[in-house]
Amino acid sequence: MRRFFRKRLPAFLLTLVMVMTLVPAVSAKSSADLTYEVDKGDSVSFKEREFRDLYRSEYSGDPSYVVFTDYSDLDDYGYLTAVNYYDKTVSLSESDLRNTWFYYDSHDVPKNMDYALDGLTFEANRRADSGTLRLKFEIYDADGKNYVYGTMDIKVGGGSGSSKGDITYTVKPGEEVTFDDEDFVNAYDNAGGSGTMKYVVFEKPSSDYSNAGTVYSRYGKRNATSFTRSELDDYKFYYGDSDYGDYDLDELSFVADKSFSDSIEIAFTAYGGRGSKENDSVSGTLKITSSKSASSSKGDITYTVKAGEEVAFDDDDFEKIYENSSCTGSFKYVEFSRPDSAFNNAGTLYSRYGKRNETAFTRSSLSSNKFYYGDSDYGDYDLDELSFVADRTFSGSVELSFTAYGGTGTRTNQNVTGTLVIATGKTGSSTTKGDITYTVKAGDEVAFDDDDFEKFYNNSSCSGTLKYVEFSRPDSAFNNAGTLYSRYGKRNETAFTRSSLSSNKFYYGDSDYGDYDLDELSFVADRTFSGSITLSFTLYGGKNSKCDQSTTGTLVITTGTSAVTSRYVGNIRYNTTPNTALQINANDIARLFRKYTSGGSLQYLTLTSVPATGSLYYNYYNASKYGATRTQLTASMAGSMIFSYSPASASEYDLSELTYIPSGSNYCTALTFTGYSSSGTAVSATILISVTASPVSEVYSVTTKGTSVNFPTNSVYSAVASATGFGLSSIQLLELPASTAGVLYVGSYAADTTSAYSYGSDTDSMSQLRFIPNSGFTGSVSIPYVALGSSGTALDAGVVSIGVVDSVKKFTDISTSTWCYKYVTELASANVISGYSNGTFQEKNTITYGAALKLIMLAAGYGEQAPTVKGSPFSGYLAKAKAAGLVSGNPKLNGPITRLQIAQIAAKALKLSTTGLPSKKPFTDTNDVYVQALNAAGIIEGYFSNGTSTYKPNNTLTRGQVSAIVWRMKNSVQ
């Protein structure tokens, strides 16, 4: 719609477009969608990621551009700066914003108009009134049709209250911290300096300087210069222009001695003015502190890993460190310092661990590479593909120091340092009790009570009365837990970030002692919040007006047992309908056992519970020669029975003879078991059974490689309603996609298997779920779920399948409603199957021997085979199959193929073992070991009726039926 403003329109059309533009796609919130804080004379950069996330709350994909629609108060507070096509920074006032676009992708910025969203910054006037500037904006897609309406509040204040001009850097002993000339400019401006800062002069440091470290210009580079105490005050360090001094202020750094453990202060004077005159100066202090004495380690990230296992890095953790610092622009890449020798005994850092192009890093190679965030232009390896694999003997923790770099446009002139701590799980604390403890449900609010803090103060050894509270900066887990508010949902509502929380005082009873009323604080938990978070605090008080007494404590906010909305588990899942007996498949349990034990063989199992609804029977049809006659299993007796995967005698119980009989409709029930191998290895798991009035349809979506896909919310709702006759209220996911396939997100966070995602438009609802496949992944992803009613009780269990393909090849006679659509679509994209020249697939046609042979061999990994006989397109496959021992004799390639022949060829092509199979044959009409092996692998099924399973080996198959078999083959070898 905004594209129309590029042309001159008739007055009545222009009015119509303006009226339509003012109708929001999303209703405005009482509080702003985006909030920033800035001091007078300072600047704050907008985060393009936040605009993207706001757009994705309504639509999938990335936005195209942003347009500001209401900026009438901008000139009263300051102005905007943006980056144009030529990577030049341009100042923008109110008059410049009319019909101006800010592009999400900087490559889309035209030469002679508009700007990039990355680098968009608000510059506050030094003499602006304190208050809140509200800007309104709209975020559009490329066509200008879909857009999201939003508001931004920029709170302009009078400064942080710290000493004017002070700058503080933190450095580890033996390491370097670089100076940032913008810090000195901000100090100059905030202290009332006029015009532009030109240079800085340092005073001679105290004698402590000699033992603390050394200031350098161009440390470690050509023309490096070190400054002694006497030399440091002899020079001018210029900002931006060499006419004003001797050394570039932005090339200074401090290298701490290895014994540096406290802090030093260096006084400076910043000079500036207007034009070429230097008629203004500001004094301040630069404080350099050892990180050993710092109360909190800025930029720290902590991961926990078990010995011998892997923990993946999350690039968003590093981005949050960068954004929570004073750096401007966008985060671009990370560099790690060389770890100490303890790293060698802790484990190994990998890129793409267990995948193609896996790379392991030594201590030296780790420090010589850049790890990029989002864009390969900025480094060597993807930061989001890093992981640490701990040695089996790893205990304690290991630290990696890093520097995160960023800036505006293509410049990387901003950086922040931090530490990544990787610790063994033994070091974690399981306690959820603090000096003050509050309990909250996920998604709900819990209010603070100032009397709780007063009681804690009074119970300490402090004298006088409590006056105010200060919180320490929480760790990064706070970001994913929820948000702390003052006056939540009321006028003047304020949300606190980790940094802003620690920079305010919360007063008790009297506003003279702080910034916000302690009794108006509350915590709003995210819908995914589980476990607990801890906030450390210090209480200050004393007698009369003095605050000379203090005591420290912890506030723990935890989820209670009622806060977890759904805890259904289904390692194996079955669906059935009323009055339809369900046979438990022993092979399903055996495959699960192999998966969980990395190839172990199931010998037997014991039941640890029976279904709470319906009945579980052994030998229900009285057709088995093993164990007892028909017996209903109860909780008291089931645990004493041993069910063998391969019974050796008639007295043993056969695992394949467990039958479930439903009772009622539209519910889920479960039975649990523990399986054992011959060596005693055990696996405990749950079988979830869903009983619905009608069968539950699988919901299928397809997307192209590297393209995210929204969760098919409405299709899931329809599938549940069709099966049960009821509308779902929410869903709980039972499994998440494998990390090798991609990540399922809810909003900006990874989804989990304990939250109940509601059917609606709320934050963290089903509509916010989206799957983002890994860049090179193609294949099938299965996401099982439980549908919940309004009371949280399960209505049914279903599955959402997502096919990730190179391209979607369509056939005129195959649609999304065709039963084999999934198989045909994914196999066609993988060039395993093809249709007819007229564009059809003809899934009901009987398949020929030659066509089936080709499909089976391609699915098993054999390459294309050229014909060896003229006019016989499948002759090359037959020749290759004979040579490989898959086929014998001279079958007719144009004739039909039987179910037995399919099984024999497929089992041999997949090299399935025919040993270790159950002694009891799965089918009564064939004893073929290849049929049994393919059935055990879950690739073929038979026909079950009244306790008897048949395979019908002589039946032929259709093209659709073979596509299902070939799809299962292909997915079994991926």
Side-chain angles (χ1 to χ4, degrees), residues 39-42 126 158-173 175-219 224-257 259-273 277-295 298 325-326 416-417 503:
D39 288 335
K40 299 174 186 177
D42 208 346
R126 283 201 298 272
S160 63
S162 60
S163 300
K164 288 186 176 180
D166 282 356
I167 301 169
T168 301
Y169 294 136
T170 302
V171 63
K172 285 188 173 183
E175 295 191 2
E176 175 194 19
V177 59
T178 57
F179 292 14
D180 188 341
D181 56 7
E182 295 296 331
D183 293 336
F184 292 86
V185 171
N186 290 337
Y188 178 84
D189 291 341
N190 290 337
S194 63
T196 303
M197 190 192 82
K198 295 181 169 60
Y199 64 89
V200 168
V201 174
F202 292 95
E203 294 181 12
K204 185 180 180 181
S206 68
S207 58
D208 292 337
Y209 174 85
S210 300
N211 299 323
T214 306
V215 174
Y216 285 85
S217 172
R218 297 179 55 81
Y219 177 70
T225 303
S226 62
F227 301 96
T228 64
R229 286 177 62 210
S230 301
E231 292 171 338
L232 188 60
D233 63 340
D234 292 337
Y235 299 97
K236 295 178 180 178
F237 299 90
Y238 59 83
Y239 171 72
D241 191 335
S242 59
D243 292 343
Y244 296 105
D246 309 292
Y247 295 92
D248 192 335
L249 179 61
D250 207 32
E251 292 186 337
L252 290 186
S253 64
F254 176 81
V255 179
D257 281 358
S259 60
F260 181 47
S261 61
D262 197 358
S263 64
I264 61 163
E265 291 188 1
I266 305 174
F268 66 85
T269 304
Y271 293 86
K277 297 180 180 179
E278 302 158 25
N279 55 2
D280 205 354
S281 65
V282 167
S283 297
T285 56
L286 167 64
K287 186 175 183 178
I288 303 175
T289 303
S290 169
S291 62
K292 286 185 176 179
S293 62
S295 60
K298 184 178 183 181
S325 71
S326 58
V416 60
T417 59
S503 60

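All values below were derived from every heavy atom in this structure, side-chain atoms included, with hydrogens, water molecules and symmetry-related copies excluded.
Note that OG1 of Thr269 and CG of Asp233 are 11.0 Å apart. Values are rounded to the nearest 0.5 Å. Interatomic distance, CG of Asp180 versus CG of Leu252, reported as 11.5 Å (0.5 Å rounding). To the nearest 0.5 Å, atom OG1 of residue Thr285 and atom CD1 of residue Ile167 are 8.5 Å apart. Distance OG/Ser206 to CD/Glu265: 9.0 Å, rounded to 0.5 Å. Considering CZ of Phe202 and CD1 of Ile266, their distance stands at 6.5 Å, rounded to 0.5 Å.
Residues Val177 and Thr417 form no side-chain contact, since every pair of their non-hydrogen atoms from C-beta on lies 4.5 Å or further apart. Using a 4.5 Å cut-off on side-chain heavy atoms (C-beta onward), Thr214 and Tyr219 make no contact. No side-chain heavy atom of Asp181 sits under 4.5 Å from any side-chain heavy atom of Phe237. Using a 4.5 Å cut-off on side-chain heavy atoms (C-beta onward), Ser290 and Pro173 make contact. Within the 4.5 Å cutoff, the side chain of Leu232 has heavy atoms near those of the Pro205 side chain. The closest side-chain heavy-atom distance from Phe254 to Leu286 is not below 4.5 Å.
In summary, the aromatic rings of Tyr244 and Tyr239 are positioned with their centroids too far apart to meet the 6.0 Å limit. Aromatic pair Phe268/Phe184: centroids less than 6.0 angstrom apart.
Under the side chain to side chain contact (heavy atoms under 4.5 Å, CB included) criterion, Lys236 pairs with Tyr199, Val201, Asp246, sequence neighbours left out. In terms of the salt bridge (Lys or Arg N to Asp or Glu O under 4.0 Å) criterion, Glu176 has no residue partners (sequence neighbours excluded). Residues that satisfy the side-chain hydrogen bond (donor to acceptor under 3.5 Å, both in side chains) test with Asp250, not counting sequence neighbours, are absent from this structure. Residues satisfying the ring-ring contact (aromatic ring centres under 6.0 Å, His included) test with Tyr235, not counting sequence neighbours, are Phe227, Tyr247. Take Ser207 and apply the side chain to side chain contact (heavy atoms under 4.5 Å, CB included) test, not counting sequence neighbours, and it matches Arg229. Applying the side-chain hydrogen bond (donor to acceptor under 3.5 Å, both in side chains) criterion to Tyr216, with sequence neighbours excluded, gives no partner residue.
Between Met197 and Ala270, the shortest heavy-atom contact is SD-CB, 3.8 Å. Taking each heavy atom of Ser263 and Lys287 in turn, the nearest pair found is OG-CE, 3.7 Å. Residues Ile264 and Tyr209 share a closest heavy-atom pair of CD1-CD1, 4.1 Å.
With hydrogens and angles disregarded, no donor-acceptor distance shorter than 3.5 Å links the side chain of Tyr188 to the backbone of Ser283.
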